[in-house]
Q: 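Here it is, the structure, as structure tokens.
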Amino acid sequence: MLYTEKMKDNKNFLALYRRGRYIASKYSVIYVMPNNRPYNRFGITAGKKIGNAVNRNRAKRLIRLAYREAELKMPIGIDIVIVARKALCEIKSSEYSLYMMEQGVKEIARAIEKGIGNGKR
RNA sequence: UGAGCAGACUAUGUGACAGCAUGAACGCUUUUCAGUUCAUGAGGAAAGUCCGGGCAUCACAAAGCAGGGUAGCUGUUAACGGCAGCCGAGGGCGACCUCAGGGCAAGUGCAACAGAGAUAUACUGCCUGUUUUCGCAGGUAACGGUGGAAAGGCGAGGUAAGAGCUCACCAGUGUGCAGGAGACUGUACAGCUAUGUAAACCCUACCCGAUGCAACGUCUAUUGGUGCUUUAUAUCUUAACGUUCGCUUGACGGAUAUGAAGUAAUGACGGCUUUAACUUAUCGGCGACGGUAAGUAUAGAUAAAUUGUCACACUCGACAGAACCCGGCUUAUCGGUCUGGUCACUAC
RNA sequence: UCCUCCUUAGCUCAGUCGGUAGAGCACUCGGCUGUUAACCGAGUUGUCGCCCGUUCGAGCCGGGCAGGGGGAG
């Protein structure tokens with residue numbers, strides 16, 4: 001990935017869940033928050049609810065793929081965490097990529113603008 | 001042809017484009033990052049973590065107790081609670097399958113309800129004596145019912161009635177002899193009849209030190225507290241304290257306080273994949289397995305890699321994802337293929 | 001990676017050493033009251049998580065699965 005780091009620490013995840021904005025859909029929940037850095041930080045959550053190891057790995061793969069394809073359109077300087085939902089492992093990958101390219105990026109951009117607005121207030 | 005038994009193998013395939021991880025080479029560059037090309041890239045259960053072993057550490061890793069495990073025999077193995085062959089018991093017409101399969105003839109405990117009586121007894125009975133009868137005393141345990149189990153079973157003799165009291169056969173126990181590596185089998189004799197339950201306590205034989213790769217090792221930033229090591233001073237003494245899951249013994253370290261110096265944590269790297277390895281051939285063995293020869297190199301990540309889309313083919317694709325590594329066991333699973341026995345029916 | 005515990009009525013829990021499983025709340029019916037609540041009386045409710053085994057007989061003993069909780073690094 002071009003300008004993205006992996007997010008590893010649990011405290012970053014927790015901070016994002018508490019303070020970030022979220023975009024929910026049938027397949028996933030996307031948390032975003034500006035981080036004031038020259039790069040993005042990216043994390044994936046695939047919990048036990050989704051299923052066994054095969055399903056969790058598949059969900060992670062699909063999210064990574066979709067993020068890679070949509071990366072160029074993303075705003076820079078945000079923390080982003082995608083939480084997989086159960087419906088994600090039953091669909092084709094193209095469907096989720098498409099969703100990410102068309103809706104996801106727009107929603108993220110809008111959420112970031114709002115988030116910055118909130119921060120200023 | 002149908003039904004059934006045992007064992008082994010396999011786990012969609014091919015192509016195009018895009019993408020991921022590791023390694024090598026190339027070129028760029030002080031180096032790194034990024035790039036190009038090539039190679040390789042999950043399983044039969046990778047799972048559950050139920051056993052066993054390697055490896056590492058615990059200062060020595062010791063002895064006993066406690067605790068835990070195993071339980072026909074012989075073999076196999078690094079080891080095992082696995083596996084193979086055999087023995088015994090049970091099931092199936094059979095191929096074959098199942099068995100925690102040592103000891104209640106050491107001790108203790110438990111056995112509800114029913115039943116006269118549950119480890120010792122006498123209700124209904126039978127017989128003898130006595131008695132007008134009722135009943136009483138004695139003998140006896142075959143018959144009756146209860147129960148999972150009633151003191152060997154069944155038949156004959158015997159007797160007042162009966163009883164292993166006697167005999168034949170059978171079951172069980174012990175001893176001798178024969179066979180076998182052994183479990184055990186066969187046979188002769190003897191006295192005797194002994195309820196079940198050790199997946200109840202327990203006894204016998206054998207085995208087990210503990211903790212787990214987030215073990216552990218190397219390098220390194222910072223230093224307020226904390227732990228450890230070294231050293232100086234003071235105090236206490238040969239008993240206390242500390243060390244190894246519990247207890248005892250042994251062994252080892254003298255201990256505590258204060259000051260000074262060093263070191264550990266964090267992070268990175270190693271451990272991390274070449275082996276009790278795999279494939280083929282051959283030899284030994286009924287077999288598990290072992291020996292020899294040749295060949296092969298075949299995941300190693302750390303928020304964690306094998307995928308996505310399209311096309312074609314068919315039997316239309318189940319269960320499911322390595323995390324230190326092996327040998328098993330158990331559980332999940334769409335199907336398919338092959339081999340060897342068995343039974344029934346039909347035809348020749 | 002490893003260690004432990006639990007699963008019983010609709011809910012919360014008892015059930016020691018094996019012998020047909022209970023308590024409280026809830027629910028149903030009747031009484032009391034002008035009516036409701038409270039109170040009194042009576043009653044219903046279990047594949048003891050699932051599957052094997054040991055035993056004459058398992059909620060209980062042994063083994064294997066499943067689900068859930070807690071803990072250590």
Side-chain angles (χ1 to χ4, degrees):
Chain A
M1 298 176 203
L2 295 174
Y3 43 85
T4 303
E5 276 198 353
K6 288 172 182 172
M7 196 190 285
K8 295 180 185 179
D9 293 344
N10 193 34
K11 55 181 177 183
N12 294 343
F13 278 81
L14 290 176
L16 194 51
Y17 293 146
R18 210 176 304 123
R19 289 195 227 122
R21 306 200 136 264
Y22 65 89
I23 303 140
S25 72
K26 194 178 168 189
Y27 311 122
S28 65
V29 184
I30 305 169
Y31 287 86
V32 285
M33 190 172 75
N35 62 356
N36 300 324
R37 290 167 199 259
Y39 53 87
N40 288 359
R41 291 192 298 178
F42 177 59
I44 303 171
T45 301
K48 226 175 191 178
K49 277 186 205 165
I50 293 177
N52 53 24
V54 174
N55 286 336
R56 290 201 300 272
N57 280 353
R58 179 176 165 82
K60 282 191 266 184
R61 269 199 306 271
L62 295 191
I63 290 167
R64 228 177 287 131
L65 177 79
Y67 180 79
R68 200 168 47 239
E69 287 178 350
E71 190 174 16
L72 290 172
K73 298 188 181 178
M74 291 269 182
I76 299 176
I78 57 170
D79 284 354
I80 176 163
V81 165
I82 303 183
V83 179
R85 281 186 164 176
K86 204 172 184 183
L88 189 60
C89 21
E90 285 154 20
I91 58 167
K92 286 196 166 186
S93 72
S94 55
E95 206 173 316
Y96 188 69
S97 297
L98 211 72
Y99 160 80
M100 199 65 175
M101 293 288 274
E102 298 199 345
Q103 287 191 29
V105 175
K106 275 188 224 162
E107 296 269 358
I108 289 167
R110 203 188 307 159
I112 288 294
E113 280 171 26
K114 278 186 187 172
I116 291 166
N118 280 350
K120 278 177 183 173
R121 270 173 232 161

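Naming: A, B, ... by sequence-line order, numbering from 1 per chain. Values below: all heavy atoms of this structure, side chains included; hydrogens, waters and symmetry mates excluded.
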Q: Given the C1' atoms of B:U146 and B:C167, what is the spacing between them in whole Å?
A: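 Roughly 34 Å separates the two C1' atoms.
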Q: Can you tell me the Watson-Crick or wobble partner of B:U1, both distances under 3.5 angstrom?
A: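 Across any shown strand, B:U1 pairs with B:A344.
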Q: Nearest whole angstrom, please: distance from the C1' of B:A303 to the CD1 of A:Ile63.
A: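 Rounded to whole Å, this separation is 12 Å.
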Q: Since syn is defined as within 90° of 0, does B:A268 count as syn or as anti?
A: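 What B:A268 shows is an anti base, its glycosidic angle lying more than 90° from 0.
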Q: Considering only atom P, compute the distance from B:C316 to C:A66 and round it to an integer number of Å.
A: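 Each nucleotide's P atom is 30 Å from the other's.
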Q: Does B:G138 have a Watson-Crick or wobble mate here (both distances under 3.5 Å), and if so which one?
A: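 When the pairing criteria are applied, B:C127 turns out to be the nucleotide that pairs with B:G138.
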Q: Under a 3.5 Å cut-off for both contacts, is B:U37 paired Watson-Crick or G-U wobble with anything, and if yes, with which nucleotide?
A: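 B:A24 - that is the nucleotide pairing with B:U37, both distances being under 3.5 Å.
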Q: Is B:A194 syn or is it anti, if syn means the base angle is within 90 degrees of 0?
A: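 Base orientation: syn.
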Q: Using the glycosidic torsion, which applies to B:U298: syn (within 90° of 0) or anti (everything else)?
A: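 Here the answer is syn: the torsion falls within 90° of 0.
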Q: Mind checking who B:G67 pairs with, Watson-Crick or G-U wobble, both distances under 3.5 Å?
A: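 Base-paired to B:C208.
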Q: Using atom P in both nucleotides, what's the gap between B:A84 and B:A45 to the nearest angstrom?
A: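 Between the two P atoms, the distance is 15 Å.
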Q: Looking only at atom C1', what distance separates B:U14 and B:U292, rounded to whole Å?
A: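 Taking atom C1' in both B:U14 and B:U292, they lie 42 Å apart.
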Q: What's the gap between B:G253 and C:U4 when it is taken at their C1' atoms, as a whole Å value?
A: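 Per the computed distance, 36 Å lies between those C1' atoms.
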Q: For RNA chain C, list all stems, counting runs of three or more consecutive pairs where every pair is Watson-Crick or G-U wobble with both distances under 3.5 Å.
A: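 When the pairs of RNA chain C are grouped into runs of at least three, the stems are C:1-7 with C:66-72, C:10-13 with C:22-25, C:27-31 with C:39-43, C:49-53 with C:61-65.
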Q: Which way is the base of B:G341 turned, syn or anti, if we draw the line at 90° from 0?
A: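 Syn conformation here, the glycosidic angle of B:G341 being no more than 90° from 0.
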Q: Could you give the distance separating B:A198 and B:A168 at their C1' atoms, to the nearest angstrom?
A: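 Between the two C1' atoms, the distance is 39 Å.
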Q: Please determine, for B:A305, whether a Watson-Crick or G-U wobble partner exists with both distances under 3.5 Å, and give it or none.
A: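 Base-paired to nothing in any strand shown.
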Q: Pairing check on B:U108: which nucleotide meets the Watson-Crick or G-U wobble criteria with it, both distances under 3.5 Å?
A: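 Its partner is B:A200.
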Q: For nucleotides 318-322 of chain B, list the nitrogen or oxygen atoms of the protein found under 3.5 Å from its nitrogen or oxygen atoms, one pair per line.
A:
unit_1, atom_1, unit_2, atom_2, d
B:G321, OP2, A:Ala53, N, 3.2

Q: Within the structure provided, determine whether A:Ile30 and A:Ile80 are in side-chain contact (heavy-atom separation under 4.5 Å).
A: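 Result yes, sub-4.5 Å side-chain heavy-atom pair found.
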Q: Taking the P atom of each, how far is B:A281 from B:C38, in whole Å?
A: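 36 Å, rounded to whole Å.
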Q: Only pairs with both distances under 3.5 Å count, Watson-Crick or wobble alike; so what is the partner of B:A240 in this structure?
A: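 Because no pair has both required distances under 3.5 Å, B:A240 counts as unpaired.
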Q: Using the C1' atom on both, measure C:C61 against B:C110 and round to a whole Å.
A: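 It works out to 14 Å between them.
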Q: Using O4'-C1'-N9-C4 for purines and O4'-C1'-N1-C2 for pyrimidines, with syn meaning within 90° of 0, is B:G135 syn or anti?
A: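 Nucleotide B:G135 adopts anti.
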Q: With both distances under 3.5 angstrom, what nucleotide forms a Watson-Crick or G-U wobble pair with B:C169?
A: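 Check on B:C169: paired to B:G153, both distances under 3.5 Å.
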